[in-house]
Colleague: 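Have a look at the structure that comes next, please.
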There are 2 protein chains.
Amino acid sequence: MQITKAGEYGVLGLIALARRPVGEVVMVDVLCEEEAIPRSFLGKIFQNLTKAGVVKSSRGSGGGFCLSRSAAEITALEIIEAVEGPIALQRCLETEPDCEHIGGCALCGLLTEAQDRIKEVFAKTSLADLAQRHLPNGLVQQARDRSLIPLKRDGQIGEKTNEAIFDGPLKQV
Amino acid sequence: MQITKAGEYGVLGLIALARRPVGEVVMVDVLCEEEAIPRSFLGKIFQNLTKAGVVKSSRGSGGGFCLSRSAAEITALEIIEAVEGPIALQRCLETEPDCEHIGGCALCGLLTEAQDRIKEVFAKTSLADLAQRHLPNGLVQQARDRSLIPLKRDGQIGEKTNEAIFDGPLKQV
DNA sequence: GCGAATCGGACCATTTTAGTCTTAAAATGA
DNA sequence: TCATTTTAAGACTAAAATGGTCCGATTCGC
């Protein structure tokens with residue numbers, strides 16, 4: 001009962017994309033650096049987002065990804081389901097409506113309700129909302145200018161960077 | 001983002017237990033047969049429920065499990081968290097309050113909200129509620145008398161039994 | 001005290017996650 | 001046209017979680 005890394009990275013990558021002017025094509029390399037995501041992984045995740053119609057891709061030099069619609073029209077639900085598949089707490093809801101347990105099972109009702117609540121939360125939140133909440137003050141850039149953020153790259157993961165970042169005057173967000 | 005089999009079986013096993021008079025000690029064997037759960041697996045699950053104080057165990061011949069409180073005082077949240085660990089969609093909430101992402105992350109807020117909704121649903125539902133919703137008419141016993149339910153046992157799992165069970169007059173639940 | 005019955009916990013197989021790597025295809029610009 | 005740059009697709013892998021089994025320590029009834 002957790003969001004996967006793929007889902008997490010997907011949202012984060014899209015937030016980075018949503019920070020740019022609409023229509024601007026950005027390489028996956030750039031997005032990865034900004035949000036400290038392993039490069040090849042985000043590439044694969046964005047493939048799914050392309051299939052789902054959330055982003056558009058263009059190949060070749062000068063290529064990259066851009067949002068297929070305005071960030072206000074993309075919901076968190078759409079993103080997460082594109083990456084992780086449909087949200088379904090209960091297994092049997094995925095394929096057939098009847099529960100596999102004997103005589104109709106109380107769990108179905110409970111889990112369906114919980115699942116609907118989650119979907120409500122995700123559906124009412126747009127990518128624009130998320131992008132706005134995420135670092136409203138350009139603190140990332142400040143921190144990066146002060147070399148407080150060692151970037152993660154493939155193979156060589158910087159760890160325990162939080163303290164460094166959050167120490168000092170940047171702390172009072 | 002799914003409930004685990006362990007969580008599912010835990011709830012189901014407790015429902016079976018809650019059907020009996022309070023204080024009655026029941027062997028896992030019996031509970032397993034009633035809800036078609038692999039025997040040794042439910043044993044392990046009930047270990048966790050014992051540690052969490054949801055059931056009490058007694059060993060030796062004549063031993064088994066009984067609810068430690070009335071079913072109305074046990075919530076689904078308690079059961080599921082006892083079996084699966086705390087419900088935490090977001091990883092970083094589990095250990096530390098600060099998000100690992102740079103400069104405070106929009107995901108934290110979103111996932112925390114979703115998580116709170118799930119907990120609300122689970123917290124407001126008691127085991128007694130579930131037991132009441134689960135087969136109010138004793139349909140299981142009817143079905144079993146008519147040999148419509150091949151019981152699952154260790155090693156030899158009966159599959160695709162649903163059609164057989166739901167066909168015929170039992171269908172209109 | 002003995003033996004049967006039961007939980008408790010170590011153990012194991014399979015699936016999922018979280019990535020990486022390689023090859024192919026497409027677009028650009030020289 | 002050709003080299004370069006970028007995504008697309010998918011095979012591959014290590015590690016963790018899941019789902020489940022099995023045996024031994026413990027306890028009870030006699």
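Heavy atoms only: backbone and side chains are in, while hydrogens, waters and symmetry mates are out. Letters A, B, ... mirror the listed sequences (proteins, then strands); counts begin at 1. Only a predicted model underlies this, so the values are computations on that prediction, with no experimental measurement involved.
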Colleague: Check the phosphate of C:dG19 against A:Tyr9, side-chain N and O only, distance under 4.0 Å to OP1 or OP2. Yes or no?
Modeller: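 Result: yes.
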Colleague: Does A:Glu81 have any side-chain contact (heavy atoms from CB on, under 4.5 Å) partners at least two apart in sequence or in another chain, and if so, which?
Modeller: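 A:Glu81 satisfies side-chain contact (heavy atoms from CB on, under 4.5 Å) with A:Leu77, A:Pro86, A:Ile87, A:Lys119 only.
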Colleague: I need the CD1-C1' distance between A:Ile45 and D:dG10, as an integer number of Å.
Modeller: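 So the CD1-C1' distance, A:Ile45 to D:dG10, works out to 16 Å.
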Colleague: Using the test side chain to side chain donor-acceptor pair (under 3.5 Å), find all partners of A:Ser126 that sit at least two apart in sequence or belong to another chain.
Modeller: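 Result, side chain to side chain donor-acceptor pair (under 3.5 Å) vs A:Ser126: A:Asp129.
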Colleague: Begin with the C-alpha distance, continue with both residues' side-chain angles, and end with the deciding distance and a verdict on salt bridge (Lys or Arg N to Asp or Glu O under 4.0 Å) for A:Arg117 and B:Glu113.
Modeller: CA-CA 10 Å; A:Arg117 294 286 161 282; B:Glu113 190 180 344; over 6 Å; no
Colleague: I'd like to check the side chain to side chain donor-acceptor pair (under 3.5 Å) partners of B:Thr75; sequence neighbours left out, ordered by chain and number.
Modeller: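 Side chain to side chain donor-acceptor pair (under 3.5 Å) check on B:Thr75 returns nothing, list empty.
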Colleague: Can you check the B:Met27 CE to C:dC7 C1' distance for me, whole Å?
Modeller: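 Computing the B:Met27:CE to C:dC7:C1' distance gives 12 Å.
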Colleague: Would you list the pairs meeting ring-ring contact (aromatic ring centres under 6.0 Å, His included) in which at least one residue belongs to residues 66-88 of chain B, sequence neighbours left out?
Modeller: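 Applying ring-ring contact (aromatic ring centres under 6.0 Å, His included) to every pair that reaches into residues 66-88 of chain B, excluding sequence neighbours, yields nothing.
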Colleague: So which nucleotide from D:dT7, C:dC21, C:dC7 ends up closest to the side chain of B:Arg39?
Modeller: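 Taking heavy atoms from C-beta onward, the closest nucleotide is C:dC7.
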Colleague: Please lay out, stage by stage, how B:Glu35 and B:Arg19 fare under the test salt bridge (Lys or Arg N to Asp or Glu O under 4.0 Å).
Modeller: CA-CA 12 Å; B:Glu35 294 294 335; B:Arg19 270 200 291 265; 3.0 Å; yes
Colleague: Write out all pairs satisfying ring-ring contact (aromatic ring centres under 6.0 Å, His included) with one or both partners inside residues 54-87 of chain B, taking only residues at least two apart or from two chains.
Modeller: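 For residues 54-87 of chain B, and leaving out neighbouring residues, the ring-ring contact (aromatic ring centres under 6.0 Å, His included) pairs sorted by first residue read B:Phe46-B:Phe65.
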Colleague: Using a cutoff of under 3.5 Å, can you pull out all pairs of nitrogen or oxygen atoms linking the protein to nucleotides 15-17 of chain C, with atom names and distances?
Modeller:
none

Colleague: Output the rounded distance in Å from CZ (B:Phe41) to P (C:dA10).
Modeller: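 For the pair B:Phe41 CZ and C:dA10 P, the rounded distance is 16 Å.
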Colleague: Nearest whole angstrom, please: distance from the C1' of C:dT6 to the CG of B:Leu42.
Modeller: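 Interatomic distance, CG of B:Leu42 to C1' of C:dT6: 14 Å.
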Colleague: Residues two or more places apart in sequence or in another chain: which of them pass side chain to side chain donor-acceptor pair (under 3.5 Å) with A:Gln47?
Modeller: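 Testing A:Gln47 for side chain to side chain donor-acceptor pair (under 3.5 Å), a comparison that skips the adjacent residues, returns none.
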Colleague: Suppose the criterion is salt bridge (charged side-chain N to carboxylate O under 4.0 Å, His left out): which pairs have a residue in residues 50-69 of chain A, not counting sequence neighbours?
Modeller: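 Applying salt bridge (charged side-chain N to carboxylate O under 4.0 Å, His left out) to every pair that reaches into residues 50-69 of chain A, excluding sequence neighbours, yields A:Arg69-A:Glu78.
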Colleague: Please compare B:Ala6 and A:Asp29 by the position of their nearest nucleotide in DNA chain D and report the one closer to 5'.
Modeller: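 Closer to the 5' end of DNA chain D: A:Asp29.
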Colleague: Answer yes or no: side-chain N or O of A:Lys44 and base N or O of C:dG19 forming a donor-acceptor pair under 3.5 Å.
Modeller: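 Answer yes: a donor N or O sits under 3.5 Å from an acceptor.
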Colleague: Tell me, which of residues 46-67 of chain A have any heavy atom that sits under 4.0 Å from an atom in DNA chain C?
Modeller: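 Residues of residues 46-67 of chain A that come under 4.0 Å of DNA chain C are, in numerical order, A:Arg59, A:Gly60, A:Ser61.
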